[in-house]
Amino acid sequence: MSAKVIADVVVSDGPVIVGAGLAGLMTAIELSPIPCIVLSAGPITTGTSTGWAQGGVSAAVGPDDSPELHTRDTLAAGAGLCETDAVERITQAAPDAIERMAEIGTRFDRNPDGSYILGLEGAHCRRRIVHAQGDMTGAELLRSCVEKARTLPSIQLWDNAWGSEILTENGAVVGLRVELGGESSFDTLMDASGPGRNRTGGRTVVVQTDRVVLATGGIGSLFQHTTNPLSSRGGGLALAARAGAVLRDVEMVQFHPTGLDVGLDPMPLVSEAVRGEGAILIDENGDRVIENPLSARDVVSRAEWAALQAGHTVYLDARTHPGPGFAARFPGISKILSDAGLNPAVDLLKVRPAAHYHMGGVLVDEAGRSTVRGLYAVGEVSSTGLHGANRLASNSLLEAIVCARWVAADLAKGHPQHPHPMPVITHTVNIGPARTQTPKADVDAVRAVMSRHCGVLRDEAGLKAALRELRDHVDTDEGLVGYMLASSALTRRESRGGHTRTDYAQLDPHAEHTLIDLADVLDDPR
């Protein structure tokens, strides 16, 4: 057994991984046979963005492709903020990542000769998107990882369990405070360990460990229009910030151009792959909203936003392409549309930009190590340097797979290694945990502020208003992350990638990262 319960304390022989999506589970799988605990805030397989991913995994596996071309496209989309070394390392590792997932049991879509069926998405110069089960790649990746993890005795899966505070001493991780909700599989461990804790008492335990891996996903549900699970509200960023970690480029949010606007929260996503098959964006008059619907996502979203602000309605027109073949090519999206009473071969699909992916995150090195010793981050919660100012389509699942393998390799060395030298902010402070559960009224208030002032288009007046309105909410995860995003957006006086300032519309010729830590929030007089 990898963990022993003593009263309200769990002594773990290995790391704790916070998050049970693709990044977290792959870290645990690659770490085997070294023991670890994986926390899932809900039942395993639920509440993770992985399972919702309609796109695929980008990898240069086609005969006309190469990692060098993949690197070129990624750097172009990243608008000057990518770290070239990180991009090259990850794109070079992409073909092997596909093979590793197939080995684990992922059923990728293949041609009769066994080669991968490759899709095209925006800003890619080649067909290099590997899919599984059509438009349900994320769900298939998650299925294969969960099934694999459940076969490995080294992995303890705790469902209905989430981290509320990273405990540190002298700037290093020493434990994690974990909240338990509902029927948690932790109870099975407790029963197996014998008496030692009053089950009628609080539902909080402390896990003693010197290594914590954040794999908590993104922040999309800080906004009123999002394609993310409603649980994606930046909890991992808040945990890291309160532990003293440096965050990078928090202002960089990708708004997906084709959130299906049918009154649902979160909004169903119509994958970019639909535009890759020929669908176009038009307004109510039939005029094109943008000439090239496969431009980078920030470009398409701004064009849509301009049309909406001008009083137009934006539609995705898939009636001709893919047309009658829509259901066969995109079965998952087809069901979503059918449930909404829409037939894409006949009906126009009303869409709008929706918060979809966070390029910013916890600053990490090539092994996933943050600026706090023993604290790692992997997947969307991290900032590896791959995505820059605007993620290239389908690079996110790739990053989760590749970087999880590298994090696991570093964890396997034993006690936490010192992070490599990285640009850091020297004044850090730990103010302890947030409220364990944010009241819905407070969440709704934060979402309204973020949508009003920190969306597709931003300006100084709106961002300063956001800071004033969010100041009273920084004791919550949502308020803190929102505040840090608004502060970083105010600091970046230019327009680049997913960050557009109407009062600073030009691109600064000198691309620089935005770094922020908790002390900046506490000291910010704005």
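Model, not experiment: these values are computed from the prediction. Worth knowing before you read on, the calculation uses all heavy atoms, side chains too, and leaves out hydrogens, waters and symmetry mates.
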Peer 1: May I ask you to decide if Glu494's main-chain N or O and Asp508's side chain share a donor-acceptor pair within less than 3.5 Å?
Peer 2: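 Side chain of Asp508 to backbone of Glu494, a donor-acceptor pair under 3.5 Å: no, none is there.
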Peer 1: Which residue pairs pass the salt bridge (Lys or Arg N to Asp or Glu O under 4.0 Å) test with at least one member in residues 49-58, sequence neighbours excluded?
Peer 2: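 Listed once each, the pairs would be none.
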Peer 1: Quick check on side-chain contact (heavy atoms from CB on, under 4.5 Å): which of Leu176, Asn160, Leu157 does Leu39 satisfy it with?
Peer 2: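 Answer to the side-chain contact (heavy atoms from CB on, under 4.5 Å) test with Leu39 among Leu176, Asn160, Leu157: Leu176.
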Peer 1: Answer yes when Glu147 and Arg150 have at least one side-chain N-carboxylate O distance shorter than 4.0 Å, and no when they do not.
Peer 2: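 So Glu147 does not pair with Arg150 through a salt bridge.
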Peer 1: Tell me yes or no: between the side chains of Gln254 and Asn390, is some donor less than 3.5 Å from an acceptor?
Peer 2: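 Judged by distance alone, the side chains do pair up.
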Peer 1: Please report the closest heavy-atom contact between Met484 and Leu518, naming both atoms and the distance.
Peer 2: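 Smallest heavy-atom distance, with atoms named: CE-N, 4.2 Å.
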Peer 1: Hey, is the main chain of Pro229 close enough, under 3.5 Å, to the side chain of Ser221 for a donor-acceptor pair?
Peer 2: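 Present.
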Peer 1: Stepwise, does the side-chain hydrogen bond (donor to acceptor under 3.5 Å, both in side chains) test hold for His387 with Glu380?
Peer 2: CA-CA 10 Å; His387 304 305; Glu380 190 173 355; over 6 Å; no
Peer 1: Thinking salt bridges, do Arg391 and Glu399 make one under a 4.0 Å N-O criterion?
Peer 2: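 So Arg391 does not pair with Glu399 through a salt bridge.
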Peer 1: Quick check: closest heavy atoms across Ser232 and Ser49, and the distance to 0.1 Å?
Peer 2: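 Looking at all heavy atoms of both residues, the closest pair is OG-OG, 3.6 Å.
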Peer 1: Working to the nearest 0.5 angstrom, can you tell me the gap between Trp305 CH2 and Phe255 CZ?
Peer 2: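 Interatomic distance, Trp305 CH2 to Phe255 CZ, rounded to 0.5 Å: 8.0 Å.
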Peer 1: For residues Asp520 and Ser487, is any side-chain donor paired with an opposing acceptor at under 3.5 Å?
Peer 2: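 Looking only at side-chain atoms, Ser487 and Asp520 do not form any donor-acceptor pair under 3.5 Å.
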